[in-house]
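Here it is, the structure in full.
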There are 4 protein chains.
Amino acid sequence: MGRPPRKKAIIERSALELFAEHGIDGTSIRMIAEKAGVTEGALYRHHASKDDLVRSLFFQYFERIAELLAQAQESGESVDQKIRAMIRGFFTFYDDDPKGFRFVLLVQHVLLENVRGDMENPVEVIMGVLKKAVKKGEIPKQDVALSAQILLGIVMQTAIGHRYKRVQGPLVQHSTVIADACLRVLQFRGSGES
Amino acid sequence: MGRPPRKKAIIERSALELFAEHGIDGTSIRMIAEKAGVTEGALYRHHASKDDLVRSLFFQYFERIAELLAQAQESGESVDQKIRAMIRGFFTFYDDDPKGFRFVLLVQHVLLENVRGDMENPVEVIMGVLKKAVKKGEIPKQDVALSAQILLGIVMQTAIGHRYKRVQGPLVQHSTVIADACLRVLQFRGSGES
Amino acid sequence: MGRPPRKKAIIERSALELFAEHGIDGTSIRMIAEKAGVTEGALYRHHASKDDLVRSLFFQYFERIAELLAQAQESGESVDQKIRAMIRGFFTFYDDDPKGFRFVLLVQHVLLENVRGDMENPVEVIMGVLKKAVKKGEIPKQDVALSAQILLGIVMQTAIGHRYKRVQGPLVQHSTVIADACLRVLQFRGSGES
Amino acid sequence: MGRPPRKKAIIERSALELFAEHGIDGTSIRMIAEKAGVTEGALYRHHASKDDLVRSLFFQYFERIAELLAQAQESGESVDQKIRAMIRGFFTFYDDDPKGFRFVLLVQHVLLENVRGDMENPVEVIMGVLKKAVKKGEIPKQDVALSAQILLGIVMQTAIGHRYKRVQGPLVQHSTVIADACLRVLQFRGSGES
DNA sequence: AATGAATGAGATTTCATTCAT
DNA sequence: AATGAATGAAATCTCATTCAT
């Protein structure tokens with residue numbers, strides 16, 4: 001069996017960390033090669049181009065996040081359970097790999113437009129949850145597209161705030177507070193707080 | 001005595017728009033000069049470097065936004081009035097100059113760390129409002145730093161969603177809905193919505 | 001009467017000092033203008049170009065040095081008197097204006113080729129003195145061109161050594177020692193030392 | 001495994017010759033690349049910058065000259081033998097590679113200050129020889145630092161004079177005359193010239 | 001599978017000089 | 001007489017990519 005993609009994984013991780021720290025354009029092929037302990041040419045055995053490397057990394061993460069949300073969502077019955085599970089899942093992901101998160105944050109603006117319609121997509125997953133909740137009467141009728149954006153904003157900004165030291169400690173610790181805020185936004189009146 | 005610097009404003013606006021559209025690294029000095037109708041060298045009379053140009057533009061906007069929030073905040077008596085005024089102000093700013101907003105969004109991650117402590121700072125303004133509201137008993141005791149991040153996230157993501165066509169129409173139209181959501185997050189029980 | 005060439009002199013002195021410190025190419029028109037307290041354009045009222053400025057400064061010094069040597073030479077009767085006077089004169093010049101000397105040192109290689117045959121020329125002055133001394137039998141027959149180079153080398157290197165702190169104190173203090181060395185080179189057996 | 005760096009030596013020699021002819025600032029990277037038959041970028045594989053290239057070339061020569069003098073010095077017993085050998089060695093070096101010499105002459109003023117204390121240094125070698133000669137009583141007590149400068153000046157200026165056609169023929173031909181002059185400067189009374 | 005020298009295109013920046021004011 | 005904005009040309013350097021070894 002051997003371990004064929006050893007170098008490939010090292011290269012990708014090196015690239016990711018450099019991208020997260022210096023940005024895409026601030027990271028040269030040479031920097032990646034150096035950090036990965038290979039030469040510049042070797043990179044092209046695994047990826048057709050720098051652009052291809054970035055894309056590949058982005059979609060890996062993008063899919064992983066969408067999947068994570070989808071699974072979390074399935075794990076709960078009611079909206080509040082689903083939302084809580086999703087937020088916990090997302091924050092755990094952040095705590096495990098903050099550099100990965102920062103990378104996604106950086107390239108989202110460039111690459112979101114390339115996301116194919118048929119791909120698992122975090123925003124779509126959230127909207128799906130909200131639509132079902134409205135239909136089931138768990139939350140009042142509302143502009144679910146807008147609500148989904150708001151939830152996304154809350155979660156993302158919490159993570160960004162963490163990066164700039166405005167939010168302290170592991171993010172999972174804040175899961176409940178954040179989830180509560182989200183549910184208030186959605187006007188969920190459940191077993192909730194209050 | 002020398003010629004008046006007719007081109008400075010044009011250069012800055014051209015730069016801003018290109019930065020907003022193609023990103024900082026995606027915009028070359030040549031592109032800016034071309035769009036502004038000057039030669040590349042002309043740029044360096046007004047700004048020491050590309051970096052300096054970016055910085056200067058960012059801080060212009062940064063201060064303008066902080067000021068806008070500070071003024072809006074003063075215009076209201078109660079938290080809810082303040083919050084509503086701030087959001088309306090911010091969304092109006094966005095509607096007037098979406099490119100400016102997009103630019104700020106792009107560079108914030110690079111430049112936020114350079115913000116001096118003595119500068120007007122949007123996050124500080126928001127936190128100030130929240131602290132006072134807690135003290136006055138308008139909203140329950142809470143982690144105001146975290147709450148400020150949440151509000152910021154809600155507002156920013158709404159604007160981002162607008163850019164990616166997930167939120168439609170002028171943003172001011174959504175002021176009330178968004179403000180309501182923010183107030184629910186803060187657990188404000190006022191003259192509130194229904 | 002007035003004082004018309006006030007600015008011109010300031011500009012030239014500023015240029016000279018900057019050239020001496022940073023070299024010709026290392027000194028920009030802007031630097032000179034700044035140091036002289038005028039604007040870039042103003043420079044072109046007094047000198048047609050940067051090149052012209054450099055040339056003009058060089059020939060001013062070049063002639064002054066040649067003249068200085070010529071006068072010193074005339075002040076003495078015998079070779080040794082002439083040589084001693086020339087060296088004392090040259091070192092006094094250096095002590096009075098080391099920056100001027102450094103400037104001349106810098107540009108000599110570029111400009112020596114442009115020296116016109118009819119100009120007063122330090123090397124020619126020295127050679128004239130030597131030729132006459134040979135004719136008068138004060139010193140033995142020798143390759144006066146080569147001897148002139150040697151004398152020049154001794155004097156110049158003493159000045160260079162001063163700049164690099166290998167030779168200490170005002171250069172005039174070393175006049176006698178250096179002149180003695182030069183006379184030994186020329187095999188002058190006069191009232192000489194020992 | 002990669003291609004051997006066939007062009008490195010060619011680049012360095014091309015650079016040296018252009019520097020010698022047009023000066024450092026008068027030589028552009030493009031000129032060097034063109035002369036060497038490579039593209040501009042190729043230069044940066046072997047040297048981090050133009051400055052680095054200049055430095056590297058200078059120290060190569062600087063060390064070679066210091067070594068040459070050190071060896072010549074060891075080859076002789078008495079001062080006069082040492083001095084004669086050093087001058088012969090130096091002039092041979094000049095005759096073999098006048099462009100290299102001219103290059104060293106050009107940059108010495110810029111780079112001498114960067115010479116590390118632990119490097120072989122021509123001036124130190126000369127001073128060492130003189131100190132020992134004084135101690136052995138071969139030459140009278142004197143300011144050896146100043147004497148070393150004088151010897152250096154004599155030798156250097158001879159070479160400069162050669163470049164400006166004031167001294168003719170291969171320099172080695174003048175070794176004896178120059179060495180004699182140097183020994184007279186030092187007041188060496190040996191088997192000397194009559 | 002991998003190396004790293006070399007390419008080719010482009011980026012930022014500098015600067016002597018000109019010229020409208 | 002002077003200003004300083006703007007030009008135009010060039011300089012240094014970077015970098016994704018290719019390819020001989």
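Side chains included, hydrogens not; waters and symmetry mates left out as well; all remaining heavy atoms used.
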Side chain to side chain, D/Ser14 and D/Ile10, heavy atoms closer than 4.5 Å: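 Yes, side chains in contact.
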
Distance check needed: E/dT13 C1' versus B/His47 NE2, whole Å only.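 That distance rounds to 15 Å.
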
Between P on F/dT17 and NZ on A/Lys50, what's the gap in Å once rounded to a whole number?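 Taking NZ of A/Lys50 and P of F/dT17, I get 8 Å after rounding.
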
Rounded to whole Å, please give me the gap between CD1 in D/Ile10 and C1' in E/dA6.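 In whole Å, E/dA6 C1' lies 13 Å from D/Ile10 CD1.
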
Need to verify one output field. Residue with the more 5' nearest nucleotide on DNA chain E, D/Ile11 or A/Gly37?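 Taking each residue's closest nucleotide, the earlier one in sequence belongs to A/Gly37.
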
Would you say that D/Arg163 contacts D/Pro98 through its side chain, given a criterion of any heavy-atom pair below 4.5 Å between the two side chains?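 Answer no - side chains too far apart.
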
When we call it a touch if two heavy atoms are under 4.0 Å apart, what does D/Thr39 touch: a base, just sugar-phosphate, or nothing?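 Touches a base.
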
For A/Glu40 and for D/Tyr44, find the nucleotide of DNA chain F with the closest heavy atom, then tell me which residue's nucleotide is more 5'.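 Looking at DNA chain F, the more 5' nearest nucleotide goes with D/Tyr44.
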
Shortest non-hydrogen separation from B/Ile24 to B/Lys50 and the atoms involved: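 Closest approach of B/Ile24 to B/Lys50: O-NZ, 3.0 Å.
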
C/Leu43 CG to E/dC15 P, straight-line distance once rounded to whole Å: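 Between P of E/dC15 and CG of C/Leu43: 15 Å.
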
What is the distance, to the nearest angstrom, from the CD atom on B/Glu34 to the C1' atom on F/dT7?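 My rounded result for the distance is 15 Å.
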
Taking C/Glu40 first and then B/Arg45, would you say they form a salt bridge - that is, a charged N and a carboxylate O separated by under 4.0 Å?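 A salt bridge links C/Glu40 with B/Arg45.
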
B/Val38 side chain: which of F/dA2, F/dT17, F/dT7 is closest?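 For B/Val38, the side-chain atoms sit closest to F/dT7.
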
Shortest non-hydrogen contact between A/Leu57 and A/Leu16, atoms and distance: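 A/Leu57 and A/Leu16 have their closest heavy atoms at CD1-N, 4.1 Å.
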
I'd like to know if A/Arg102 and A/Asp97 make a salt bridge, using a cut-off of under 4.0 Å between side-chain N and carboxylate O.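 Looking at A/Asp97 together with A/Arg102, the answer is no, because their closest N to O distance does not fall below 4.0 Å.
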
Position toward the 5' end of DNA chain E (nearest nucleotide), C/Gly26 or B/Asp25: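 Closest to the 5' end, via its nearest nucleotide, is B/Asp25.
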
Between F/dT3, F/dC13, E/dA11, spot the one nearest the side chain of D/Ser49, thanks.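 Side chain of D/Ser49 sits closest to F/dC13.
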
When you check the phosphate oxygens OP1 and OP2 of E/dA6, does a side-chain N or O of D/Arg45 lie under 4.0 Å from one of them?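 For E/dA6, neither OP1 nor OP2 has a side-chain N or O of D/Arg45 closer than 4.0 Å.
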
With a 4.0 Å cut-off on heavy atoms, is D/Lys8 in touch with a base, just the backbone sugar-phosphate, or nothing at all?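 No contact.
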
B/His46 side-chain N/O to F/dA6 phosphate OP1/OP2 under 4.0 Å: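 B/His46 to F/dA6 OP1/OP2: side-chain N or O found under 4.0 Å.
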
Is the cationic atom of B/Arg55 (NZ for Lys, CZ for Arg) positioned less than 6.0 Å from the six-membered ring centroid of B/Phe58 and within 45 degrees of its normal?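 No, cation not above the ring by the 6.0 Å, 45° rule.
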
Nearest-angstrom distance from the residue atom CZ of D/Arg30 to P of F/dA9: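 Going from CZ in D/Arg30 over to P in F/dA9 covers 13 Å.
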
Tell me: CD1 of C/Ile24 to C1' of E/dA16, nearest whole Å?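 C/Ile24 atom CD1 is separated from E/dA16 atom C1' by 14 Å.
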
Heavy-atom nearest nucleotide on DNA chain F for A/Gly41 versus D/Ile29: which residue maps closer to 5'?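 So the residue in question is D/Ile29.
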
Could you tell me the separation between the NE2 atom of A/His22 and the P atom of F/dT14, rounded to a whole number of Å?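 It works out to 15 Å between those atoms.
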
Show me the dot-bracket string of DNA chain F, counting Watson-Crick or G-U pairs under 3.5 Å, with | for pairs to another strand and [ ] for crossing ones. .||||||||||||||||||||

Check each of B/Glu12, B/Glu17, B/Glu21 against B/Lys35 using the salt bridge (Lys or Arg N to Asp or Glu O under 4.0 Å) test, and report the only one that passes.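 The single option meeting the salt bridge (Lys or Arg N to Asp or Glu O under 4.0 Å) with B/Lys35 is B/Glu17.
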
